[in-house]
Amino acid sequence: IRVYAQTLQTGLLQSDPARAADCLRTIVRETEWLDAMIDRVISWRAASKDRGLVDLRCGPIRTVVEETVARFLRMVPPDEVQMRCAFESTGAVRHDPGSLEQALLNLLVNAAKYSAAPKRICLQVRDEGPWVIISVEDSGIGIPAGEVRRIFEPFYRVKAAAAKTSGAGLGLAIVHHAAKAHGGHITVDTKEGVGSRFSIFLPVCAAGKGRGG
Ligand code: ADP
């Protein structure tokens with residue numbers, strides 16, 4: 001952010017409005033990442049003190065999902081990600097919109113972070129028995145079989161991937177915590193070199209039931 005802002009500050013791009021506009025777009029995109037990173041740290045602090053979830057309400061999750069996808073798409077350069085979304089759920093979920101947004105955003109960010117171009121991400125929300133399932137599938141680097149069981153631990157990062165990407169190893173710990181706090185769970189189906197599918201299972205609730213119970 002600083003380098004792009006300083007470049008604009010020099011005035012050297014005054015004669016090149018297209019590049020100046022490009023700089024500004026990058027600055028705005030990077031502030032979205034910064035925002036997501038700050039949210040991540042705040043969520044983790046709250047989760048680790050068991051103050052991770054505050055306000056559960058029963059209702060549809062379409063708006064949260066759509067807003068999260070829009071937020072995610074503001075974080076990535078246009079054309080970098082090919083995103084497919086299938087919202088097939090009619091179920092209502094007792095959920096905390098902020099916590100759900102954080103969990104889904106973490107999965108989308110990881111799908112982009114751990115994929116090489118062309119980054120294909122498929123988001124699906126569907127009903128299955130007592131569950132509403134949100135799954136994020138990528139065709140990225142996948143996770144070595146021997147490390148899968150550890151990825152939800154706080155601060156755990158797969159060594160080979162950690163060398164090439166930045167991160168604190170908190171994203172999936174937050175998703176895991178959020179899924180549990182909603183009375184659900186998270187699963188992963190992954191193959192090294194092929195891709196990964198993370199699925200958050202959330203229990204459906206009878207619409208009309210409000211907070212609490
Ligand atoms: P971070 O991304 O900050 O390292 P996470 O807790 O989000 O932390 O993820 C833990 C580790 O799991 C990552 O370091 C990465 O190795 C692996 N991982 C997570 N999501 C994916 C994915 N979609 N594809 C491949 N590896 C992943």
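Remember, it's 1-based here, ligands and their atoms both numbered in the order they're listed.
- In this structure a side-chain-to-backbone donor-acceptor pair under 3.5 Å is missing from S115 to A112.
- Polar contact check, I141 against ligand 1: no nitrogen or oxygen pair lies under 3.5 Å apart.
- The option with the heavy atom closest to atom 18 (N) of ligand 1, from among W44, Y156, F152, Y114, is Y114.
- Here the side chain of S135 pairs no donor or acceptor atom with the backbone of R197 at under 3.5 angstrom.
- Listed by chain and residue number, nothing satisfies the ring-ring contact (aromatic ring centres under 6.0 Å, His included) test with Y114 (two or more places apart in sequence, or in another chain).
- Looking at ligand 1, you won't find any N or O of F198 less than 3.5 Å from one of its N or O atoms.
- The shortest separation from a heavy atom of E147 to ligand 1 is not under 4.0 Å, leaving the residue out of contact.
- Regarding atom 23 (N) of ligand 1, its nearest protein heavy-atom neighbour is D138 OD2, 2.9 Å.
- Distance check for C205 and C58: the SG atoms are under the 2.5 Å cut-off.
- Remark: distances from the non-hydrogen atoms of A162 to ligand 1 are all 4.0 Å or more.
- With a 4.0 Å heavy-atom cut-off, ligand 1 is reached by no atom of M37.
- Contact between G140 and ligand 1 is absent, with no heavy atom of the residue lying under 4.0 Å from the ligand.
- A side-chain donor-acceptor contact under 3.5 Å links D96 to the backbone of D55.
- When the heavy atoms of E192, H176, R157 are ranked by distance to atom 4 (O) of ligand 1, first place goes to R157.
- Judged by the shortest distance from any of its heavy atoms, L170 lies inside the 4.0 Å radius around the atoms of ligand 1.
- Neither I174 nor L34 shares a network with the other; the hydrophobic side chains, linked directly or stepwise wherever heavy atoms of I, L, V, M, F, W or Y lie under 4.5 Å apart, form separate groups for each.
- Assignment of E153 to the shell around ligand 1 is not supported, since no heavy atom sits closer than 4.0 Å.
- Neither the backbone nor the side chain of T190 comes within contact range of ligand 1; no heavy atom lies under 4.0 Å.
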| Given Y156 and E147, is the side chain to side chain donor-acceptor pair (under 3.5 Å) satisfied, shown in steps? | CA-CA 10 Å; Y156 188 81; E147 307 209 48; 2.4 Å; yes
